Amino acid sequence: MKQFRYEHLLLPEDIKRREVEEIPGYHYRDDGMMWWNNLRQYVEEFLAIHYTSDDLVKGDSELQNMVDEIRNQGYRRLPDCGNFPATLETVDQLAEYATALMWNGSVWHTAVNFGQFNYLAFVPNAPCAMTAPPPTQEEEITMERVLRSLPVKEMARVQIDISYSLSLFSPVEKFFLGSVREEKGDLRTETMMVAEEEVACIERLVQRLARQQELMDERNEGLNIPYMIIKPDLTPLTVQT
């Protein structure tokens, strides 16, 4: 955890940090960058309605207090508070910050959460417990040795059940694709009024995501194992709606 940095929340920077820019067939990276660019465009359009200058960002005391609290309270135990910004000085900085929040609270969470059952249901992929120490470098690894290390059936069943439950969508889940005015109609509440120009931003995002999904579907048709996990119609709006 002490290695965690703000830059890790920024997909383009994370891809560079892990040096996976050129790996062929890395569909999470390719689909993720389409997501990142579409979310960033949405954020910029939405912010432009309310923040028409950098001075408005710097003068927004509630925004600056939130940024300060996240850095100095939420990450105070990390070296240099995880390099989280202490203030936001420009609309561009705010757009990056907001895009990171949206990306990690929706698409990234979908990528790492809803595929758990596919991976963990085959217990040898990542055993939740082991009944023998891992083999050493010098040790000959046999099937008997592998089977002796795996968890007992009761523990394996717990792993399968938990990963299955965690991979399920909530009955009230809301997804990125769908009717803005029906699926997302509950945005119009007493505490968050959504103006027509803001709804128009959402509608344009939905249109871009629909095109993104078409490109992903076309790509998946040529794959032996389609990469479906962050398709827009399978990606919830938040960690939990």
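None of the values given here were measured: they were computed from a predicted structure. These numbers come from the heavy atoms of this one structure, side chains and all, not from hydrogens, waters or symmetry mates.
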Worksheet entry | Candidate pair Met34 and Arg211, rule side chain to side chain contact (heavy atoms under 4.5 Å, CB included), full reasoning | CA-CA 10 Å; Met34 285 196 290; Arg211 176 53 184 159; over 6 Å; no
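- The number of heavy-atom neighbours closer than 6.0 Å to CH2 of Trp36, taken from other residues, nucleotides and ligands shown, is above 12.
- By the rule that hydrophobic residues join a cluster once side-chain heavy atoms approach within less than 4.5 Å of another member, Met130 and Tyr119 end up as members of separate clusters.
- Glu62 CD: 12 or fewer foreign heavy atoms inside a 6.0 Å radius.
- Among Thr52, Val57, Leu56, the single residue meeting the side chain to side chain contact (heavy atoms under 4.5 Å, CB included) criterion with Val91 is Val57.
- Both Val112 and Met33 sit in one connected hydrophobic cluster of ILVMFWY residues. Membership requires side-chain heavy atoms under 4.5 Å apart, directly or through other members.
- To the nearest 0.5 Å, the span separating OG1 on Thr235 from CE on Met228 amounts to 11.0 Å.
- Judged by distance alone, the side chains of Tyr227 and Asp30 never bring a donor and an acceptor atom under 3.5 Å apart.
- Of the N and O atoms on the side chains of Tyr6 and Glu13, not one donor lies less than 3.5 Å from an acceptor on the other residue.
- Of the possible donor and acceptor atoms, one in the side chain of Gln116 sits under 3.5 Å from a partner among the backbone N and O of Asn113.
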Item to complete: Apply side chain to side chain contact (heavy atoms under 4.5 Å, CB included) to Val107 and Leu39, showing your working.
Response: CA-CA 10 Å; Val107 190; Leu39 291 176; 4.2 Å; yes
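- Of the possible donor and acceptor atoms, one in the side chain of Gln64 sits under 3.5 Å from a partner among the backbone N and O of Leu88.
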Donor-acceptor pairs under 3.5 Å, side chain of residues 154-169 to any protein atom, not counting sequence neighbours: which ones?
from: Arg157; atom 1: NE; to: Asp161; atom 2: OD1; distance (Å): 3.0
from: Arg157; atom 1: NE; to: Asp161; atom 2: OD2; distance (Å): 3.1
from: Gln159; atom 1: OE1; to: Cys128; atom 2: N; distance (Å): 2.6
from: Gln159; atom 1: NE2; to: Leu120; atom 2: O; distance (Å): 3.0
from: Gln159; atom 1: NE2; to: Ala126; atom 2: O; distance (Å): 3.1
from: Ser163; atom 1: OG; to: Gln159; atom 2: O; distance (Å): 3.0
from: Ser163; atom 1: OG; to: Ile160; atom 2: O; distance (Å): 3.1
from: Ser165; atom 1: OG; to: Asp161; atom 2: O; distance (Å): 3.1
from: Ser167; atom 1: OG; to: Phe117; atom 2: N; distance (Å): 2.9
from: Ser167; atom 1: OG; to: Ser163; atom 2: O; distance (Å): 2.8

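- Between Gln93 and Pro85, every side-chain heavy-atom pair lies at or beyond the 4.5 Å cut-off.
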Worksheet item: Which is it for Trp108 and Tyr28 under the side chain to side chain contact (heavy atoms under 4.5 Å, CB included) test, yes or no, and what are the steps along the way?
Response: CA-CA 10 Å; Trp108 181 82; Tyr28 164 77; 3.3 Å; yes
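- Here CD of Glu44 is found 7.0 Å from CG of Asp92. Values are rounded to the nearest 0.5 Å.
- Judged purely by atom type and a 3.5 angstrom limit, Thr131 uses its side chain to pair as donor or acceptor with the backbone of Leu150.
- Heavy atoms of other residues, nucleotides or ligands lying less than 6.0 angstrom from CD of Glu214 number more than 12.
- Residues Phe175 and Thr110 are not in side-chain contact: their nearest non-hydrogen atoms beyond the backbone lie 4.5 Å or more apart.
- The aromatic rings of His109 and Phe114 sit perpendicular, their planes meeting at an angle over 60°, well past the 30° parallel limit.
- More than 12 heavy atoms of other shown residues, nucleotides or ligands fall within 6.0 angstrom of atom CD in Glu218.
- When the salt bridge (Lys or Arg N to Asp or Glu O under 4.0 Å) test is applied to Asp233, no partner is found at least two apart in sequence or on another chain.
- Residues Arg5 and Asn83 share a closest heavy-atom pair of NH2-CB, 3.2 Å.
- At a cut-off of 3.5 Å, with distance as the only test, a side-chain donor of Thr87 or Glu89 sits close to an acceptor on the other residue.
- A donor-acceptor pair is defined here as one N or O able to donate and one able to accept, closer than 3.5 Å; such a pair exists between the side chain of Arg29 and the backbone of Glu21.
- Rounded to the nearest 0.5 angstrom, Leu10 CG and Thr99 OG1 are separated by 9.0 Å.
- When side chains are defined from C-beta on, Leu209 does not count as touching Val206, because their heavy atoms never get closer than 4.5 Å.
- The cluster map of Ile, Leu, Val, Met, Phe, Trp and Tyr, joined by side-chain heavy atoms under 4.5 Å apart, puts Leu63 and Ile49 in different clusters.
- Looking only at side-chain heavy atoms (C-beta outward), Tyr42 and Cys201 come within less than 4.5 Å of each other.
- How far CD1 of Ile202 is from CD of Glu197: 11.5 Å, rounded to the nearest 0.5 Å.
- Side-chain contact check for Asn220 versus His27: every heavy-atom pair is 4.5 Å or farther apart.
- Using modelled atom types, one finds a donor on one side chain and an acceptor on the other under 3.5 Å when comparing Gln41 with Glu45.
- The aromatic rings of Phe176 and Trp35 sit perpendicular to each other, their planes meeting at more than 60°, with 30° as the lower class boundary.
- Val123 and Ile141 fall into different hydrophobic clusters, defined by Ile, Leu, Val, Met, Phe, Trp and Tyr side-chain heavy atoms under 4.5 Å apart, directly or through other members.
- Ion pairing between a basic and an acidic side chain is recognised when a charged N comes within 4.0 Å of a carboxylate O; Arg148 and Glu144 show no such pairing.
- Ring geometry for Phe4 against His8 counts as perpendicular: the plane angle is over 60°, on a 0 to 90° scale with 30° as the lower cut.
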Worksheet item: Can you list the steps and then say if Arg204 with Asn38 is a side chain to side chain contact (heavy atoms under 4.5 Å, CB included)?
Response: CA-CA 10 Å; Arg204 289 193 294 273; Asn38 279 324; over 6 Å; no
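- Rounded to the nearest 0.5 angstrom, Asp60 CG and His50 NE2 are separated by 11.5 Å.
- Linking ILVMFWY side-chain heavy atoms closer than 4.5 Å, directly or via other members, places Val152 and Val146 in two distinct hydrophobic clusters.
- In this structure, Glu7 does not pair ionically with Arg17, as no charged nitrogen and carboxylate oxygen lie closer than 4.0 Å.
- The distance from atom CG of Leu94 to atom NZ of Lys58, rounded to the nearest 0.5 Å, is 13.5 Å.
- Sparse packing is recorded around CD of Glu22, with 12 or fewer heavy atoms of other residues, nucleotides or ligands lying under 6.0 Å away.
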